[in-house]
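First the structure, in the form of structure tokens, and then the observations on it.
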Amino acid sequence: MNHLSKLSLLFIPTSLLCSCQSDKKNEKADCPNIVYIMTDDHAYQTISAYGGPISKLAPTPNIDRLAKGGILFRNAFVENSLSTPSRACLMTGLYSHQNGQRQLGEGIDSTKTFFTELLQQNNYQTAIVGKWHMQCEPKGFDYFSIVYDQGDYYNPGFRTKESNGEYIQETGYATNLITTKSIQFIENREKDKPFCLLIHHKAPHRNWMPDEKYYDLYEDVQFPKPSTFDDDYRTRCSPAHTQEMRIDRDLNLVYDLKVNELRDTPPYNDEWSLYGIDKEFNLMNSRQLEKWHAAYHPKNEKFVKEMKSMTDAELTDWKYQRYLRDYLRCIKSIDDEVGRVIECLEKEGLMDNTIIVYASDQGFYMGEHGWFDKRFMYEESLRTPLIMYYPKAIKPGTECTAMVQNIDYAPTFLSLAGISKPEEMSGTSLEPLFQGEKPETWRTDLYYHYYDYPAYHQVNRHDGVRTERYKLIHFYDKDDQGNYRLNCNELYDLEADPHELNNLYGNPEYNKIAEDLQTRLDGYRQRLKVDEY
Ligand code: SGN
Ligand code: CA
């Protein structure tokens, strides 16, 4: 038998390998465990496996290990670039308007089936640790230990089934505590069952507070700015002009960049409370606070002195560097803790029969178009990191460029567990992509819809389609009578203009393409019964 045919025998679709649905005694041997690690706002630009210039200066060796041993999805996208919508989508395999969670606040229709419920019914032990964020109770979990709302970086509280609705505060840094609890779950799991563990980190969400051991990491590194940093939005319609997520204008020196020395004197609490940041600092104990000041106070004092003679451009550059350094310090901890999870799985002998997934709840701007945050359908927030490690079915070092979306995760996990996907689930299992090849019938376009307006960062509502080469975005806003207050379109050729600087909508040369994209968009709206756009 030649080498290739041996390989094809080895990589049999896993749904054929396992059957977790019956009470068979030997099923444990077949059914993969699932460890899904999701960070909050982790930009693929800062994962070295994705190869971007920032990540070369701040590498992520442990996340890279998963990519090297598994599959890296280059075109993984979300359907609504915001936390709770993304989490609702993960749990249900449904688009936002189908699961109810369109905006950040309340919304999820908790009568929808969560994939963890189906795993539970099929003999899996299920758990979630960290940020849950949605307003409904975690459903379909044997064990949970969740932080309040967005969670806190230092000494966060955790709520479990046993804590009677209370959040019990623990001492330490969120990323480390969440990992420790996850490891404890793995070590104490019911060993005669397969398990599914969701590890949902709080980091690196705004306002990017690092663990004390990394307060000075990257302090001497100058991170390069993306080529679109000075985008003037010249060809776009109004939403890119009216957003409030600019590094130069909207990143607050005190709240986001933690410079308290602007006018206050120690202990700085007045200045902090003015910007609402006192909450994070009030959670620190005196030893932690002392460490913070010892590291940040000298840097801040130096900055405040120099700031007086800085040009606007120099000040923006300083903000960018502080933003990146703090963000990447948070990522350093994430990467370390991914390493700890891998180590634990190795020690428990679980590496061969566990699918380890690394993802974020959406993408994030690291200065592209001058921005931080997400929400827009432009590439950096639409695209999310996605890496899967599963030696039984995935060859090491596989890369996949097929377009996948976060509606696909739940169907993938069900399929791996040998459970049929409920008919109503919109996503598709990613298993057929595990060899890196794209099946002929794979999707050729995808649908996106963002609803959270007016809200933080003031990004207007929009929906749109993306094909492998083009993107059509429709921005809208309506009054109570249904009259449009905003109704405009953008079209990008991602091959000629990967940074989306040149809106081609209305350019006669692109009329045919615009028509085709509009037909695809209308098709989605109709098929999916979208009720506003
Ligand atoms: C908070 C942040 C926003 C962020 C949203 C949503 N402001 O409101 O900057 O866009 O969360 O983020 S903060 O002042 O509270 O930091 S999400 O990841 O949860 O969707
Ligand atoms: Ca997020």
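We count ligands from 1, going down the list as the structure has it; atoms in each ligand are counted the same way. This structure is a prediction, so every number in the text was calculated from the model and none was measured.
Between the side chains of D231 and Y378, not a single donor N or O lies within less than 3.5 Å of an accepting N or O. Checking Q288 against N155 by side-chain atom types alone, a donor-acceptor pair falls below 3.5 Å. A donor atom on one side chain and an acceptor atom on the other are not found under 3.5 Å apart for Y476 and H474. Of the N and O atoms on the side chains of S86 and Q362, not one donor lies less than 3.5 Å from an acceptor on the other residue.
In summary, the aromatic rings of Y215 and Y296 are positioned with their centroids under 6.0 Å apart. Checked against the 6.0 Å centroid criterion, the rings of Y320 and F229 qualify as a close aromatic pair. Residues Y154 and Y173 place their aromatic rings such that the two centres sit under 6.0 Å apart.
Checked against disulfide (SG to SG under 2.5 Å), C136 has no partners two or more places apart in sequence or in another chain. For K202, there are no salt bridge (Lys or Arg N to Asp or Glu O under 4.0 Å) partners, not counting sequence neighbours.
Using a heavy-atom distance under 4.0 Å as the criterion, the protein contacts of ligand 1 are D40, D41, L82, S83, L104, K131, H133, Q150, H205, R206, Y255, D361, Q362, D373, K374, R375, Y456, H457.
Shown here are the protein N/O/S atoms lying under 3.0 Å from the Ca ion (ligand 2), water excluded: D40 OD1, D41 OD1, D361 OD1, D361 OD2, Q362 OE1.
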